[in-house]
Amino acid sequence: DGFGYMWAGARATYGVTRGRACFEVRIDKNQPTSHLEGETNPNVLRVGWSLPGSNLQLGEIKHSYGYGGTAKISENCNFKNYGIKFSVGDVVASYLDMAGESCTIKYTVNGKDQGIAFRFQKKELQGKGLFPHVLTKNQNFTVNFGQMPAPLFPLLPGYMPIGQLDVA
């Protein structure tokens, strides 16, 4: 029963070093949590980007960028209010713009732009790419890297699903 208190993270195997990429996450279902005591947010998910080799606790170390269902963004354990809350049935898309030296990450919820969440300089990554990353606690989800016949919601102009990028 103690597993309900644990977070689980997963990072994609392909990352981005240039251009503009995105991916979507649909929250499908909450797992039962009635047995958990004193858990403020028993069903929650974070979406974002992280460096390869970093820990799987998205948003809790440097260059690990997450947006959670509690309407908070985080990087290096620095949590800030951002956007709107999201939960079961919602689709969150994460957009990474590495087209120039000044880079940004922004999000949409059900197709609605939440604005720029993070800004950083590409040189800070020391040539490393950022990889799609999901961290969850007691929620089932589906990720669309571009393998589905169409986006779950219309994508922001100029961004390509990461799974459809040229890997050459």
Side-chain angles (χ1 to χ4, degrees), residues 6-12 14-16 19-31 39-52 54-99 102-122 124-125 128-146 148 151-163 165:
M6 297 175 67
W7 289 82
R11 182 176 30 252
Y14 286 92
V16 177
R20 299 169 89 192
C22 63
F23 69 101
E24 298 173 294
V25 178
R26 181 183 62 220
I27 303 166
D28 298 322
K29 177 182 173 185
N30 284 339
Q31 290 296 313
E39 193 66 11
T40 308
N41 296 299
N43 304 97
V44 70
L45 181 134
R46 272 187 221 155
V47 180
W49 303 83
S50 67
L51 291 173
S54 63
N55 73 43
L56 294 178
Q57 295 299 115
L58 182 63
E60 297 188 9
I61 64 169
K62 193 161 180 58
H63 304 305
S64 177
Y65 306 94
Y67 171 36
T70 58
K72 303 268 188 206
I73 54 171
S74 59
E75 189 245 350
N76 205 24
C77 278
N78 185 8
F79 292 80
K80 297 178 184 174
N81 293 330
Y82 170 85
I84 61 172
K85 291 182 179 185
F86 57 85
S87 190
V88 173
D90 290 327
V91 175
V92 180
S94 186
Y95 295 85
L96 174 62
D97 184 347
M98 293 183 70
S102 181
C103 304
T104 61
I105 297 173
K106 62 172 27 183
Y107 297 89
T108 60
V109 177
N110 300 325
K112 294 182 180 151
D113 193 342
Q114 302 300 300
I116 293 175
F118 302 101
R119 294 179 192 275
F120 59 92
Q121 296 300 307
K122 191 184 288 188
E124 295 174 26
L125 303 179
K128 295 178 184 170
L130 287 172
F131 290 65
H133 192 142
V134 178
L135 179 67
T136 185
K137 185 168 64 168
N138 304 313
Q139 287 192 313
N140 296 6
F141 60 92
T142 300
V143 179
N144 182 13
F145 293 122
M148 294 181 175
L152 299 169
F153 276 88
L155 301 178
L156 296 178
Y159 289 87
M160 178 74 71
I162 189 168
L165 292 176

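Counting only heavy atoms from C-beta outward, the side chains of Leu56 and Leu135 never approach each other to under 4.5 Å. Residues Gln121 and Ser102 meet the side-chain proximity criterion, which asks for heavy atoms closer than 4.5 Å.
Taking CD1 of Ile73 as the reference point, atom CD of Gln114 lies at 11.5 Å (rounded to 0.5 Å). In this structure, CE on Met98 lies 5.0 Å from CG on Leu125, to the nearest 0.5 angstrom. Rounding to the nearest 0.5 angstrom, the gap separating the OH atom in Tyr65 from the SG atom in Cys103 is 8.5 Å. The CZ atom of Phe118 sits 14.0 Å away from the NZ atom of Lys106 when rounded to the nearest 0.5 Å. Considering CD of Gln139 and CG of Leu45, their distance stands at 5.5 Å, rounded to 0.5 Å.
The backbone N or O of Ser87 sits less than 3.5 Å from a side-chain atom of Asp90, completing a donor-acceptor pair.
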> Does the side chain to side chain donor-acceptor pair (under 3.5 Å) test come out yes or no for Glu24 and Asn144, once each step is laid out?
Replying inline: CA-CA 5 Å; Glu24 298 173 294; Asn144 182 13; 2.9 Å; yes
>> Between Lys72 and Asn81, does the side chain to side chain contact (heavy atoms under 4.5 Å, CB included) criterion hold? Intermediate values first, please.
In response: CA-CA 5 Å; Lys72 303 268 188 206; Asn81 293 330; 2.4 Å; yes
>> Set out, in order, the CA-CA distance, both residues' side-chain angles and the distance that settles side chain to side chain donor-acceptor pair (under 3.5 Å) for Asn55 and Glu60, then state yes or no.
In response: CA-CA 9 Å; Asn55 73 43; Glu60 297 188 9; over 6 Å; no
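Screening Ile162, Val16, Thr104 for a side chain to side chain contact (heavy atoms under 4.5 Å, CB included) involving Leu96 leaves a single residue, Val16. Screening Val92, Thr142, Val91, Asn110 against Leu152 for a side chain to side chain contact (heavy atoms under 4.5 Å, CB included) leaves a single residue, Val91. The side chain to side chain donor-acceptor pair (under 3.5 Å) test with Gln31 singles out one residue from Thr136, Asn140, Asn138, and that residue is Asn140.
In terms of the side-chain hydrogen bond (donor to acceptor under 3.5 Å, both in side chains) criterion, residue partners of Ser50 (sequence neighbours excluded) are, by chain and number, Arg11, His133.
Taking the six-membered ring for Trp, Phe86 and Tyr67 have ring centres closer than 6.0 Å. Between Tyr107 and Tyr95, the ring center distance fails the sub-6.0 Å criterion.
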